[in-house]
Amino acid sequence: MTGYRIHVWYDPDGLDRGEPIHDDGVVVLPVIPQIGMEIRDAAGQLAVVRRVVLFATPGKDNAVAAIVCEAGA
């Protein structure tokens, strides 16, 4: 699949609450996600995008953006 390499961070209990976010690695998606979009992780669980950061230049892993997600409803 061609697309954008996106670095994913996941916050299981929501932003600015209890547990810290953790790194879920890099995924390839056909679009750069926007705030409010829903995506599924490798286990099939729903997550909602809460933050999007576009990189000025691709990182060492060729990722062009980073997203922070929290558990979906």
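Nothing fancy with the numbering, it's 1 onward along the sequence. These numbers were taken from a predicted model, which means no experiment stands behind them.
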message = The test is side-chain contact (heavy atoms from CB on, under 4.5 Å); show your working for L54 and I32 and say whether it passes.
response = CA-CA 9 Å; L54 298 176; I32 295 174; 3.8 Å; yes

inquiry  = Go through it in stages, so that I can follow the logic: the residues are M37 and V31, the test is side-chain contact (heavy atoms from CB on, under 4.5 Å), and I'd like the CA-CA distance, side-chain angles, deciding distance and then a yes or no.
reply    = CA-CA 11 Å; M37 285 180 75; V31 298; 4.3 Å; yes

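Put simply, CH2 on W9 and CD1 on I67 are 12.5 Å apart, with the number rounded to the nearest 0.5 Å. Note that SG of C69 is 13.0 Å distant from CZ of R40, once rounded to the nearest 0.5 Å.
Annotation: side chain of V68 is not in contact with side chain of V53 (no heavy-atom distance under 4.5 Å).
Heavy-atom contacts from other residues, nucleotides or ligands closer than 6.0 Å to OH of Y10 number more than 12.
One hydrophobic cluster holds both V64 and V8 under the rule that ILVMFWY side chains link at heavy-atom gaps under 4.5 Å.
Considering all non-hydrogen atoms of both residues, I35 and V52 come closest at N-CG2, 4.0 Å. Residues A66 and F55 approach most closely at CB-CZ, 3.7 Å, considering heavy atoms.
With sequence neighbours excluded, the residues forming a side chain to side chain contact (heavy atoms under 4.5 Å, CB included) with V26 are R5, H7, D61, listed by chain and number.
Checking V49, V27, V48 one by one against P33, the side chain to side chain contact (heavy atoms under 4.5 Å, CB included) holds for a single residue, V49.
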